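Here is the structure we will look at.
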Amino acid sequence: MSVMSVRPVRGTVDLFPDDSRRHRRVSETARELAERYGFGEINTPIFEFTDVFARTLGDVSDVVTKEMYTFEDRGGEHLTLRPENTAGVMRAFIAAKLQNALPLKYFYSGPMFRYERPQKGRQRQFHQIGVELFGVPGPAADVEVIALGAQVLAALNMLDQTVLHLNTLGDTPSRDAYRAALIDYFSGHKDQLSEDSLGRLEKNPLRILDSKDKNDRAVVEAAPVFDDYLTGEAADFFAEVRQGLDDLGVAYIRDPRLVRGLDYYCHTAFEFVTDALGAQGTVIGGGRYDGLAEIMGGPATAGVGWAGGIERLAMLADQTMEELEAPRPVALAPIGDAADRRLRQLAYELRGAGIVTDIGYSGNLKRRMARAAKVNAHTAVILGDDELVKGMATLRDMESGEQQEVPLDGIAAVLAARS
RNA sequence: GUGCCUGUAGCUCAGUUGGUUAGAGCGCCUGGUUGUGGUCCAGGAGGUCGCCGGUUCAAAUCCGGUCAGGCACCCCA
């Protein structure tokens, strides 16, 4: 009989308590900040009808064409594990007919799934935090959303490890005009473009601007500039976003090569990027997507938001913040069955009182004390026959080694003061 | 999906031009302490050298395949 494989599936990992604590630090920090900004938490399903993503992400995007975990369930439904959460949140908003409740602000945190070749900071099941702000067409929303991202990074002590890249994708007339100009320009330089970029010329010419190929870059140097094709409205919008960020003192660099693949994106596009994580340097990315709601069959609704990769943020946090320690418990160390029973009662009482308490399951005093040290207890309570007859317990300070006897009755109050 | 690098104990790694029973540190276990941890001392357990196949008298070491991780690309958080 063969042994089952116990390894996790490629691109997935098990998060043991230390790892989970690191993830939680990121997501709770973000959740707290988001709530301060008025974003309420939303949890949409981890799988959706495939259409939710196929329609919104378009059939040309890599995410849809080769990276989705798509399957048919037993009822024949075509379902997909969510590769991102903006579509899910928008779907939920449309389904609940909340258009009269606008503006709406949502925060989420949870697993996403993409069939990609794994690298550090890039897994097949990964986790994102994100925010979506629906129903505000003006630039104040963009500024607020970006500011929240900056403050999340600041709270994680990593804002100065990142650079905010900012660009505008303009409105539809701007983008159509620019796209036409780009196609025209690049078509005249086909012989100098990489194979990748020739493909992009068909699907998504804006992406050529972002190419890392050396020859492409030379061609891009002389390519038309978006600013020349922005409508007055689009230029004004972008100027207001920049003014808003300046007012808050949120630093950014203009990055004309920062683009988005999908048509429903418009105006603001931004990414917080670090150079500390290699090629997976984008730690938060987002933008405005006013066209999304209609694509999904909902009422035209403005939207702007961002998503951040928890794994990447956690890796950066490890570099910028001190180690996270599990809470230090009081360790109870009984000697003998009578003391064990008494201390299990005490453990119940302490835990009920909110005190982190550890009590082992076997072993002599030496083992009990070793365990107390291992779980990083600040105090040990030693109880044996000697103490029991006196109604006392021995309290040991695990740092100094000092011990004192205290009455068993009322020991909870003493320990509460030490915890 | 493409190219390249890596894979030895729980962890981090060593292992001479292929050559006997594959090592170290940390961690773990036991004892030194019948009621005292973390320090110290002594001892111990733990490895089909990722997996499968090939070359060879002989493979951790060379070759092929495969799986996994990593770097870059693609794409993206």
Side-chain angles (χ1 to χ4, degrees), chain A residues 3 5 7-13 16 26 30 57 60-68 83-86 109-124 126-130 149 162 194-197 199-200 203-204 207 210-214 216 258-262 270-274 277-287 305-316 331 333-336 339 360 363-388 394-403:
Chain A
V3 178
S5 171
R7 67 176 173 80
V9 171
R10 178 147 137 111
T12 68
V13 297
F16 286 96
V26 171
L57 298 175
V60 293
S61 81
D62 276 8
V63 172
V64 167
T65 53
K66 45 192 198 198
E67 293 178 2
M68 293 203 312
E84 54 94 27
N85 204 199
T86 299
S109 171
M112 310 291 161
F113 306 84
R114 286 181 204 172
Y115 187 87
E116 291 188 279
R117 183 139 169 197
Q119 263 176 253
K120 189 191 292 182
R122 174 202 272 186
Q123 294 159 205
R124 290 182 173 183
F126 61 108
H127 299 80
Q128 286 188 330
I129 50 172
T162 68
S194 65
E195 209 172 301
D196 279 335
S197 286
R200 287 187 273 238
K203 292 196 245 177
N204 192 357
R207 278 245 168 261
D210 201 22
S211 174
K212 286 169 187 162
D213 183 272
K214 202 167 59 178
D216 286 355
L258 176 58
V259 296
R260 291 273 108 101
L262 307 169
F270 63 92
E271 292 183 359
F272 288 89
V273 182
T274 176
L277 298 178
Q280 268 62 52
T282 298
V283 109
I284 283 179
W306 53 253
I310 293 182
E311 282 79 2
R312 294 179 187 181
L313 289 164
M315 279 191 289
L316 243 199
I335 306 158
N364 56 22
L365 217 219
K366 183 180 167 120
R367 288 189 89 46
R368 303 288 188 155
M369 293 307 292
R371 177 173 174 85
K374 186 176 178 180
V375 298
N376 197 25
H378 56 81
T379 307
V381 175
I382 298 165
L383 186 72
D385 295 337
D386 300 352
E387 288 91 348
L388 261 183
T394 299
L395 225 65
R396 180 181 177 87
D397 183 307
M398 293 298 286
E399 298 294 345
S400 66
E402 283 171 31
Q403 298 194 171

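On a predicted model such as this, the values are computed, not experimentally measured, just so you know. The sequence lines fix the lettering, A, B, ..., with proteins before strands; numbering per chain opens at 1.
Residues forming a side chain to side chain donor-acceptor pair (under 3.5 Å) with Ser109(A) (at least two apart in sequence, or on another chain): none. In this view, Ala370(A) satisfies the side chain to side chain contact (heavy atoms under 4.5 Å, CB included) rule with no residue, not counting sequence neighbours. Scanning for side chain to side chain contact (heavy atoms under 4.5 Å, CB included) contacts around Val273(A) gives His165(A), Glu271(A), Thr282(A), with sequence neighbours left out. Scored by the salt bridge (charged side-chain N to carboxylate O under 4.0 Å, His left out) test, Glu399(A) finds Arg328(A) as partners (sequence neighbours excluded). For Ile335(A), the side chain to side chain contact (heavy atoms under 4.5 Å, CB included) test picks out Leu365(A), Ile382(A), with sequence neighbours left out. Remark: Pro111(A) engages Ile46(A), Arg82(A), Phe113(A), Gln125(A), His127(A) in a side chain to side chain contact (heavy atoms under 4.5 Å, CB included) (not counting sequence neighbours). Applying the side chain to side chain donor-acceptor pair (under 3.5 Å) test to Thr162(A) and every residue at least two apart in sequence or in another chain returns nothing. Under the rule for a salt bridge (charged side-chain N to carboxylate O under 4.0 Å, His left out), Asp196(A) has no partner lying at least two apart in sequence or in another chain.
For Glu387(A) against G35(B), a side-chain-to-base donor-acceptor contact under 3.5 Å is present.
For C67(B), the OP1/OP2 oxygens have no side-chain nitrogen or oxygen of Arg10(A) closer than 4.0 Å.
Rounded to whole Å, the separation between the C1' atoms of C26(B) and C4(B) comes to 33 Å.
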Show me the protein contacts with nucleotides 9-12 of chain B, counting only N or O atoms at under 3.5 Å.
none

Contact state string [nucleotides 1-8 of chain B, B base, S sugar-phosphate only, - no protein heavy atom under 4.0 Å]:
BBBB----
Protein heavy-atom contacts under 4.0 Å, written 5' to 3' over nucleotides 37-48 of chain B as B (base), S (sugar-phosphate only) or - (none), form the string BB----------
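Contact annotation for Ile382(A): base contact, defined as any heavy-atom pair under 4.0 Å involving a base atom.
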Parsed dot-bracket for RNA chain B after applying the Watson-Crick and G-U rules with both distances under 3.5 Å and | for other-strand partners is (((((((..((((.....[...)))).(((((.......))))).....(((((..]....))))))))))))....
